[in-house]
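Working notes, beginning with the structure itself.
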Amino acid sequence: AQQGRIREKAYGKQKIYFADQEQLPAASDAELRGLDGEITALSTKVQALQQSCRQMEAELKDLNSSMTTPELAREIEELRKDCASYTEKLERIKSATNHVTPEEKDKVCSEQKLYCKEWRRRKRMATELLEAILEGYPKSKKQFFEEVGIETDEDHNITLPAAV
């Protein structure tokens with residue numbers, strides 16, 4: 001700075017040193033336009049290369065996420081085995097001689113409806129009886145159920161089938 005090759009500026013307690021640009025040769029307008037043109041051409045080239053790089057990275061990501069040829073061959077073989085086993089199972093079901101007749105199916109469905117109806121009726125009766133007992137009981141419903149040993153459908157996550 002004392003020899004004049006660099007300049008010094010003080011900002012409060014800080015000092016900044018930079019090259020003295022007055023000692024550099026001045027560029028002509030033609031040189032500046034040439035440099036601007038070169039900058040523009042290089043910027044365009046950089047953008048084109050960045051776009052190409054992004055496309056290649058996307059393609060690489062797609063290729064890395066896809067299966068390899070041996071993996072595809074194993075997957076195809078597994079799918080063929082599954083298909084063969086399902087086809088065999090379908091043939092066994094089709095050739096089975098112990099089909100359920102529509103009468104048997106109707107009988108089972110009507111029995112299920114009857115049992116569900118009875119289940120609802122008995123559950124309603126038990127609930128009404130327990131509520132009558134609990135009216136005069138000094139403790140909570142939960143404590144009463146524990147003392148008596150009552151297990152509810154809800155304790156076992158059981159729900160009644162929907163009425164049909």
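Values in this document were obtained by computation on a predicted structure and should not be read as measured data.
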(message) Side chains of Thr127 and Lys123, heavy atoms from C-beta outward: is any pair under 4.5 Å?
(response) yes

(request) Please report the shortest heavy-atom distance between Thr159 and Trp119, naming the atom on each side. (result) O-CH2, 4.1 Å

(message) Return the CD to NZ distance between Glu103 and Lys107, rounded to the nearest 0.5 Å.
(response) 11.5 Å

Using a 3.5 Å cut-off and no angle test, enumerate the donor-acceptor pairs between side-chain atoms of residues 56-67 and protein atoms at least two apart in sequence or in another chain.
from, atom 1, to, atom 2, distance (Å)
Asn64, ND2, Leu60, O, 3.4
Ser65, OG, Lys61, O, 3.2
Ser65, OG, Asp62, O, 3.0
Ser66, OG, Leu63, O, 2.9

(message) Rounded at 0.5 Å granularity, tell me how far CZ in Arg33 sits from CG in Leu35.
(response) 11.5 Å

(request) Tell me, yes or no, whether the heavy-atom count around Glu118 atom CD, taken from other residues, nucleotides or ligands under 6.0 Å, exceeds 12. (result) yes

(request) Output all residues satisfying side-chain contact (heavy atoms from CB on, under 4.5 Å) with Lys13, sequence neighbours left out; order by chain, then residue number. (result) none

(request) Look up atom NZ in Lys9 and atom CD1 in Ile16, then write down how far apart they are to the nearest 0.5 Å. (result) 8.5 Å

(message) Checking Phe144 now: which residues fulfil ring-ring contact (aromatic ring centres under 6.0 Å, His included) with it, not counting sequence neighbours?
(response) Tyr137

For residues 42-54, which side-chain N or O atoms pair as donor and acceptor with protein atoms under 3.5 Å away, sequence neighbours left out?
from, atom 1, to, atom 2, distance (Å)
Ser43, OG, Ile39, O, 2.9
Thr44, OG1, Thr40, O, 2.9
Gln51, OE1, Arg54, NH2, 2.9

(message) Side-chain heavy atoms nearer than 4.5 Å, only ILVMFWY residues, links allowed to pass through others: does that put Ile6 and Phe18 together?
(response) no

(request) Sequence neighbours left out, what passes side-chain contact (heavy atoms from CB on, under 4.5 Å) with Glu151? Give chain and number order. (result) Asp155, His156

(message) When you measure from the side chain of Gln14 to the backbone of Tyr11, do you find a donor-acceptor pair of N or O atoms at a distance under 3.5 Å?
(response) no

(message) Are Leu134 and Leu129 connected into the same hydrophobic cluster when the rule is that any two of I, L, V, M, F, W, Y join if their side-chain heavy atoms are below 4.5 Å apart?
(response) yes

Please set out all donor-acceptor pairs under 3.5 angstrom arising from side-chain atoms of residues 68-83, sequence neighbours excluded.
from, atom 1, to, atom 2, distance (Å)
Thr68, OG1, Glu71, N, 3.4
Thr68, OG1, Glu71, OE1, 3.4
Glu71, OE1, Thr68, N, 3.0

(request) Could you tell me the separation between the CE atom of Met125 and the CZ atom of Arg122, rounded to the nearest 0.5 Å? (result) 7.5 Å

